[in-house]
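The structure appears right after this line, and notes come after that.
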Protein chains: 2
Amino acid sequence: MGATKTDHFTAKQNAIATLIKSLGHPARVAIIEYLLKVDTCICGDIVNELPLAQPTVSQHLKELKNAGLIKGNIDGNAICYCIDEKAIEKLQSYFAGISSKLAKQKNNCC
Amino acid sequence: MGATKTDHFTAKQNAIATLIKSLGHPARVAIIEYLLKVDTCICGDIVNELPLAQPTVSQHLKELKNAGLIKGNIDGNAICYCIDEKAIEKLQSYFAGISSKLAKQKNNCC
DNA sequence: AATATTTATCGTAATATTACAATATAAAAT
DNA sequence: ATTTTATATTGTAATATTACGATAAATATT
């Protein structure tokens, strides 16, 4: 096996898991944090920032893009990347929701 | 290859990526959501709730436990699981931090 | 004590992910 | 036009993940 049984879960569960998973790698966390740090879009500078080969970085960028976490606009020779706020908001509100539900729990054990 | 190059990233980046990754699977999302839904700890009921074989569920529970997302207390014959609030808080504040930083950005392009 | 119940572990097959060299593509600069 | 620069794609090796049958371990029930 090895293939996730997505058909056994709800669409929402699969969607949030896919979004979360896209950030479940230090290189992709580093990419997001770098985009955040420079405080603007970045056109052609990400590869030099990461300790990985260019095809590997390109692959990670593709995954973040597919998941909707970043947007990429072609800017002449380079590609201009930035974070997609909507995806971050989704993640934030998802965990905020869990957190607030947890706060209301009775905590009978544990 | 196939092995993540954790040594090239910061401890913080690796730690948050590991935590995030543990929720990057619909089965584990479903487990957390179930624990949230029942509004209390669950002793011996998770396997029946999920559309997966018992060893698979056990494996997913182990991953959530290793990541610190859930706690498990032995309760006689069964094991009593519940969400670890601290881990959820970490996730929540991480994304809240990204979100607030994003809000302050100039958005020069994209 | 024997049996049932619950969860964990082992072994393993199928698939996915990670990483990178080699190469391709496409626009910019010379 | 040729070369340089920036990114993507292809191919592939190494490793990780997912899933589950078989089995073990540990407590509960009879």
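Sequence lines set the chain letters: A, B, ... in the order given, protein chains first and strands last, and positions in each chain run from 1. All values below come from the heavy atoms of this structure, side chains included, with hydrogens, waters and symmetry mates left out. Being a predicted model, the structure only gives us computed values, none of them experimental.
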Check your understanding: Quick one: B:Lys5 NZ to C:dT17 C1', roughly how many Å, whole number?
Key -> 15 Å
**Study point:** Gap between atoms CG and P, on A:Asp45 and D:dT5 respectively (whole Å)
**Key:** 15 Å
Point to revise | Nearest-Å distance for atom pair CD/P, residues A:Gln54 and C:dA21 | key: 11 Å
Study note, to complete from the structure: The correct set of residues in residues 6-22 of chain B placing a heavy atom under 4.0 Å from DNA chain C is none
Revision key, fill the gap. Note: contacts of residues 59-69 of chain B with DNA chain C (heavy atom, under 4.0 Å) are B:Lys62
Review point. Within this structure, what is the CG-to-P distance between B:Leu52 and C:dT7, rounded to whole angstrom?
Key: 15 Å
Review point. The side chain of A:Tyr81 lies closest to which of these nucleotides: C:dT18, C:dT7, D:dA8?
Key: D:dA8
Point to revise | A:Phe95 and B:Phe95 aromatic ring geometry - parallel, tilted or perpendicular at 30°/60° bounds | key: parallel
Check your understanding: Looking across every strand, which nucleic acid part, if any, lies under 4.0 Å from B:Ser58 by heavy atom: base, sugar-phosphate, or nothing?
Key -> base
Review point. What is the nucleic acid contact for B:Thr4, judged by heavy atoms within less than 4.0 Å: base, sugar-phosphate only, or nothing?
Key: sugar-phosphate
Exercise for review: Let me know the distance between CD1 of B:Ile79 and C1' of C:dA8, rounded to the nearest Å.
Suggested key: 8 Å
Contacts under 3.5 Å, N or O only, protein and nucleotides 25-30 of chain D:
unit_1	atom_1	unit_2	atom_2	d
D:dT27	O2	B:Asn77	OD1	3.3

Practice item. By nearest nucleotide on DNA chain C, pick out whichever of A:His25 and A:Pro55 is the more 5' one. Key: A:His25
Review point. Would you find a donor on one side and an acceptor on the other, under 3.5 Å apart, between the side chain of A:Thr18 and the backbone of A:Asn14?
Key: yes
